Q: 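Okay, here's the structure, questions in a sec.
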Amino acid sequence: MELFLDVCSKLGNGFVTALFLFIFTLLLALPLGLLMCFCTMSKFKPLSFLSKIIVWVLRGTPLMLQIFTIFYLPGILNLFVWPQMNTGWVWFDTTFSTRFIAALAAFAINYAAYFSEIYRGGIESISKGQYEAGQVLGLTKKQVFFKIILLQVIKRIIPPMSNEIITLIKDTSLANTIAVYELIFEAKEFMTVNGLIWPLFLAGAFYLIFVGILTVAFGKLEKKLDYFKA
Amino acid sequence: MNILEVKDLRKRFGDTEVLKGIDLSLKKGEVLSIIGSSGGGKTTLLRCLNFLETANSGEILVNGKSVYLARDGEKPTVTLEAQLSFGLVFQQFNLFPQYSVIENLMLAPKLRADAKGNTERQEIYKDIRAHAEELLAKVGLTEKADAYPCQLSGGQQQRVAIARALMLSPEILCFDEPTSSLDPELTGEVLRVIRSLKDSERTMIIVTHEMEFAKHVSDKVIFIADGVIEEEGTPEELFENPKSEKTRTFLSAGKNDI
Ligand SMILES: Nc1ncnc2c1ncn2[C@@H]1O[C@H](COP(=O)(O)OP(=O)(O)OP(=O)(O)O)[C@@H](O)[C@H]1O
Ligand SMILES: [Mg+2]
């Protein structure tokens with residue numbers, strides 16, 4: 001019984017870490033993705049080309065590799081770029097918060113790339129006629145975007161967004177590779193230290209419940225925008 | 001004085017010249033119909049007048065005042081006033097789906113009132129709503145004020161689009177094939193609305209394939225072929241007595257279709 005409570009409290013802590021990682025990633029990646037999206041859609045060719053390359057790399061390489069790259073970036077720079085800087089292998093020191101921030105940065109950048117493509121698909125799917133109707137009525141470009149286009153885009157991107165966001169919850173487990181004490185990390189500890197398997201399945205239940213809650217929430221949101229067709 | 005004058009308007013897409021020098025003039029309250037075969041440049045002309053395309057050269061005057069003057073290589077700026085002297089009703093309606101019918105009508109005037117920084121916003125909003133309700137009555141859709149576009153038939157959507165365009169009282173209201181994407185039984189209700197606008201002396205330019213309608217509603221008809229005005233005149237002249245060979249071929253081809 002004591003063991004069960006211990007497992008629960010450790011996993012609870014791990015869940016809170018995962019939750020923070022999830023929330024902060026969203027807070028950063030949602031706006032950053034929009035910025036990336038505008039860059040890839042920019043009429044200024046060098047900018048759109050560069051951002052398309054960045055999106056390609058971020059979506060084309062494993063997230064785990066990106067986590068390592070950011071975590072070991074100082075070491076990599078030290079080896080190849082500025083050997084004399086002698087910064088050591090990782091950021092400054094390897095306290096928990098630095099590792100958390102490294103993971104967060106990797107998640108935010110990676111997910112921003114995915115979000116940017118979802119935004120782009122959403123924006124490009126709106127008919128030209130909507131912009132033109134706005135212009136003919138004397139609206140400014142900004143008014144057209146915020147008063148006419150945005151809500152239609154939001155409606156269209158909710159399904160792919162909810163998919164991506166649900167994937168993110170499970171992807172937070174990748175942070176365990178740089179020793180961020182999230183759910184899977186804690187559960188694995190019980191396996192290596194106490195030889196217990198079931199904490200891992202309990203961790204799975206945490207994810208399931210959280211995904212369930214989000215699924216219901218997205219369903220509600222979708223329903224709320226059901227009053228119009230776009 | 002002419003409410004609209006267009007001088008030598010030209011538009012190129014890449015290397016192909018789509019409008020090869022269009023001249024036309026229109027008096028207040030007149031209705032001009034534009035007919036012509038597919039690809040002739042009718043839509044492009046309306047889009048240039050509404051500044052959705054940038055004409056490469058030529059001049060547009062509204063009430064004698066130049067609102068657009070382009071020489072090759074320069075892109076003139078279009079003032080809000082110039083933009084609002086024209087209204088456009090699209091073939092595909094282009095209503096804003098997330099807004100109800102009355103909100104579709106009120107959106108632009110409200111944003112305009114906000115931009116002017118009026119202090120008595122509530123008063124102005126009330127006036128805007130009254131105006132919107134009046135126009136909805138005019139197009140026969142009072143009871144649909146709170147419906148959303150997806151709940152309306154094509155004919156009803158197009159009537160809303162007409163009312164929305166009228167909200168800003170454009171000097172010249174343009175229609176690009178307003179009934180072409182409608183089922184035949186729905187064209188009548190839209191054409192009736194347009195006819196009622198003529199009765200209230202609204203200046204209009206109508207691109208249409210409805211020859212009978214053009215004959216009855218227009219004061220002037222122009223036939224556009226390959227980017228030039230091939231022939232222009234009163235409906236009687238153009239439909240009963242076309243001078244140009246091309247016009248004759250076009251009109252008789254239409255008859256054979258039926
Ligand atoms: N954005 C564009 N880019 C390139 N070419 C265009 C563009 N818009 C129109 N065109 C070309 O310009 C010509 C005139 O087109 P327009 O749509 O004005 O004809 P229209 O008279 O309205 O024909 P329809 O009766 O089929 O509507 C066509 O050959 C068309 O292919
Ligand atoms: Mg056309």
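From a predicted model like this one, the values you see are computed outputs, not experimental measurements. Numbered from 1 within each chain, the chains take letters A, B, ... in sequence-line order. These values consider heavy atoms only, across backbone and side chains, with no hydrogens, waters or symmetry-generated copies.
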Q: Enter the distance from A/K155:NZ to B/Q98:CD here, rounded to the nearest 0.5 Å.
A: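 Here the interatomic distance stands at 10.5 Å.
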
Q: Check whether more than 12 heavy atoms from other residues, nucleotides or ligands sit under 6.0 Å from atom CZ of B/F13, and answer yes or no.
A: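 Count over threshold, so yes.
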
Q: Heavy atoms only: give me the nearest B/N94-A/A133 pair and the separation to one decimal.
A: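 Distance-wise, the nearest heavy atoms are O-CB, 3.6 Å.
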
Q: Identify the two heavy atoms, one from B/L52 and one from A/Q135, that lie closest to each other, and give their separation to 0.1 Å.
A: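 So the two residues come closest at CD2-OE1, 3.5 Å.
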
Q: Using 0.5 Å steps for rounding, measure from the OG1 atom of A/T140 to the CG atom of B/L111.
A: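 The CG atom of B/L111 is 8.0 Å from OG1 of A/T140, to the nearest 0.5 Å.
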
Q: What are the two closest heavy atoms between A/K229 and B/P97, and how far apart are they?
A: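 Residues A/K229 and B/P97, closest heavy atoms: O-CB, 3.1 Å.
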
Q: Which atoms of A/L137 come close to chain B, meaning under 4.5 Å heavy atom to heavy atom: side chain ones, backbone ones, both, or neither?
A: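 Both backbone and side chain.
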
Q: So which part of B/Y99 gets closer than 4.5 Å to some heavy atom of chain A, the side chain, the backbone, both or neither?
A: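 Side chain only.
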
Q: State the CD-CZ distance between A/Q143 and B/R112, to the nearest 0.5 angstrom.
A: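 Answer rounded to 0.5 Å: 10.5 Å.
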
Q: Mind checking the CZ-CZ spacing from A/F228 to B/F96? Nearest 0.5 Å is all I need.
A: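 Taking CZ in A/F228 and CZ in B/F96, the distance rounds to 13.0 Å.
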
Q: So which part of B/L88 gets closer than 4.5 Å to some heavy atom of chain A, the side chain, the backbone, both or neither?
A: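 Both parts, backbone and side chain.
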
Q: Tell me, yes or no, whether the heavy-atom count around A/Y227 atom OH, taken from other residues, nucleotides or ligands under 6.0 Å, exceeds 12.
A: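 Check passes, neighbour count above 12.
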
